[in-house]
Asks: 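Quick one: the structure is below, questions incoming.
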There are 2 protein chains.
Amino acid sequence: MAAPLLRLAAANDGDADGRFSPRTIPEQLAEELGADIVAGRRKAGERLIELDLAQNFGVSRGPVREALRILERKRMVDLLPRRGAYVRPLSLKSIADLFNVRLALSLLAARTMATAPVESYVETLARRCTELNDMVETSDPIAFARVTTRAVRTIAHGSGNELLLELSIDLANQTVWETIWKTPLDYLTQDVRREAADLMAETLEAVRKRDPEAAVRSLRLLLENDRDRALAVLTDLRKEAGDLSAISSG
Amino acid sequence: MAAPLLRLAAANDGDADGRFSPRTIPEQLAEELGADIVAGRRKAGERLIELDLAQNFGVSRGPVREALRILERKRMVDLLPRRGAYVRPLSLKSIADLFNVRLALSLLAARTMATAPVESYVETLARRCTELNDMVETSDPIAFARVTTRAVRTIAHGSGNELLLELSIDLANQTVWETIWKTPLDYLTQDVRREAADLMAETLEAVRKRDPEAAVRSLRLLLENDRDRALAVLTDLRKEAGDLSAISSG
DNA sequence: GATTTGTCAATTGTTGACAATTGACAAGAG
DNA sequence: CTCTTGTCAATTGTCAACAATTGACAAATC
């Protein structure tokens, strides 16, 4: 197998975070490997051998090691001392778990933000709401989903809780999402989008009125809907095709 | 400076997790360094230089590097590519943030557990409740606090959400707690213990009745009390002594 | 036949050397 | 005097070789 080397990483568009740290080789490796895992080019449970990876990527084992640590942190591989790295199976249940944790953190964010709103974040959230409203009519579910995610992240920012924000970003970077983005988002019909946009607007309103309970209530509805619909789609998907090897029955 | 070498790590009592992976050198380094940071032997913001650490510990830079990655994951150091590792300042606010995140996760756990309780975990929780009740009369705040923590972890287990459990353990391993354990727990008076034990019992009851909202309600009260009292103590502590260098005003 | 022990290749852990980058400081230009 | 540019030591990033451990398979023992 010839050495494919690294494609030297396209634009560094600030990885969903604010930091513009230089893009290190281990990070690039982790990204590539992560993509491979999501795409099913690496199967669940497969063992990853440092030397092989190093040769395939055209680097030495050092950076590969660090990349594996990064992927461990992202919960994409299990790292057993002296026994190697294994790609972690990604069950439907673990996706549900992920949704629920995100939900809990987002609700804490909403509650906190509504308790002591910071004007700049409220404004940003308002902008997102406007965007969502505008997108109800158009029919681009992917764009809609992205803005929703961004709005939720704004709330995480607005909470002022840095740990919460960090965890949210970590979870968002979780590759599960990459998988989910690739699933059909047809369930985001106009009606569903309408409802979501309204609920987000309600949340914004509650934040403005400094009513934490109301904010939590509406955001919870929004995210629970999202979770349930996404899970339904994923479940169906599994029934049809037994592949997508990254997603096991679990 | 002579080479202190590693004291070869005492009993491996299964680090609060179930796994009994072999104790690797990087893990030991991380533990030592972490202890140094908590104890204030490494000050907030201080730069950690790989070569120095390597020489002090009597190993080469490789393992030190991995140890730093571990500490980054535990949020104890910041790792800036090409710019080194810095011990992360631990502000009062970040401790509050930690409490709040733990709170949110625990409530999700309680809600989930109460939705579909698993007998074995319910039993364990019941045992913890009994223990707590027995400890109301005795006056060992530390033991009481530990059992409380254990009860909360039981709930995390009982949720069946592995991600949640993992995050909880991560956060619990956060060194902040080590710091907190060392603060005076005098606020855990008999009255306070009585209330806490009662609230935990209520939570258990709610779980048994499969009443998620009630479970969340009582556990929330319990943990909010805990948070507020602990923060109050820490705040006072800071007013008195300006040291405890790991805790900055932030 | 089941269990233990010995051997070996494959793989991970560790090391020391070399390359690349950073931040600081000094010298020079405006 | 302020700002830019060049140089340099300190430090991190990467590499390739060596050491230690693992798991598997075969041989020996009970």
Side-chain angles (χ1 to χ4, degrees), chain A residues 1-9 12 15 19-33 42-43 45-73 76-88, chain B residues 1-9 12 15 19-33 42-43 45-73 76-88:
Chain A
M1 201 181 280
L5 283 200
L6 285 185
R7 11 197 188 300
L8 268 183
N12 175 354
D15 55 341
R19 302 177 323 174
F20 262 78
S21 316
R23 211 156 188 53
T24 66
I25 290 182
E27 275 174 60
Q28 296 181 48
L29 293 180
E31 195 170 308
E32 288 247 351
L33 243 183
R42 306 283 186 177
K43 290 181 189 144
E46 177 180 341
R47 182 169 184 185
L48 300 173
I49 290 162
E50 296 178 359
L51 189 59
D52 290 350
L53 296 174
Q55 287 172 342
N56 282 343
F57 285 122
V59 299
S60 79
R61 278 174 52 218
V64 170
R65 231 144 198 288
E66 310 221 336
L68 289 175
R69 274 263 149 70
I70 292 174
L71 290 175
E72 184 201 25
R73 187 189 149 123
M76 293 173 59
V77 308
D78 281 326
L79 230 48
L80 309 185
R82 294 253 170 222
R83 286 135 136 269
Y86 296 82
V87 342
R88 199 163 178 173
Chain B
M1 198 180 280
L5 283 201
L6 286 185
R7 12 196 187 302
L8 269 184
N12 174 356
D15 52 342
R19 302 177 323 174
F20 263 78
S21 317
R23 208 152 192 54
T24 67
I25 290 181
E27 274 174 62
Q28 296 182 47
L29 294 180
E31 195 169 308
E32 288 248 349
L33 244 182
R42 305 284 185 174
K43 286 177 193 148
E46 177 180 341
R47 182 168 184 184
L48 301 172
I49 289 162
E50 296 178 358
L51 189 58
D52 290 350
L53 296 175
Q55 288 172 342
N56 281 344
F57 285 122
V59 298
S60 78
R61 277 176 53 220
V64 171
R65 232 146 197 285
E66 311 222 335
L68 289 174
R69 274 262 149 71
I70 292 174
L71 291 175
E72 184 201 25
R73 186 190 152 128
M76 294 175 59
V77 308
D78 280 326
L79 230 48
L80 309 185
R82 296 250 167 223
R83 287 142 132 262
Y86 297 82
V87 344
R88 201 162 180 175

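Proteins get letters first, then strands, A, B, ... in listed order; numbering begins at 1 in each.
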Asks: Write down the atom of A/Arg42, the atom of A/Leu53, and the distance for their closest heavy-atom approach.
Replies: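 Residues A/Arg42 and A/Leu53, closest heavy atoms: NH2-CD2, 3.5 Å.
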Asks: For nucleotides 7-19 of chain D, give me one character per nucleotide, 5' to 3': B if any protein heavy atom sits under 4.0 Å from the base, S if the only such contacts are to the sugar-phosphate, - if neither.
Replies: ----SBBBB-B--
Asks: Of all the heavy-atom pairs spanning B/Val77 and B/Leu48, show the shortest one and how long it is.
Replies: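 Answer, listing the atom of B/Val77 first, then B/Leu48: CG1-CD1, 4.0 Å.
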Asks: Tell me every residue that passes side-chain contact (heavy atoms from CB on, under 4.5 Å) with A/Glu66, counting only those two or more places apart in sequence or in another chain.
Replies: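 Checked A/Glu66 against side-chain contact (heavy atoms from CB on, under 4.5 Å); matches are A/Pro26, B/Arg65, B/Arg69.
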Asks: As a quick check of understanding, evaluate side-chain contact (heavy atoms from CB on, under 4.5 Å) for B/Val87 and B/Leu33, giving each step before the final call.
Replies: CA-CA 10 Å; B/Val87 344; B/Leu33 244 182; over 6 Å; no
Asks: Minimum heavy-atom separation for B/Leu79 and B/Glu72, please, with both atom names.
Replies: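 Between these two residues, the closest heavy atoms are CB-OE2, 3.7 Å.
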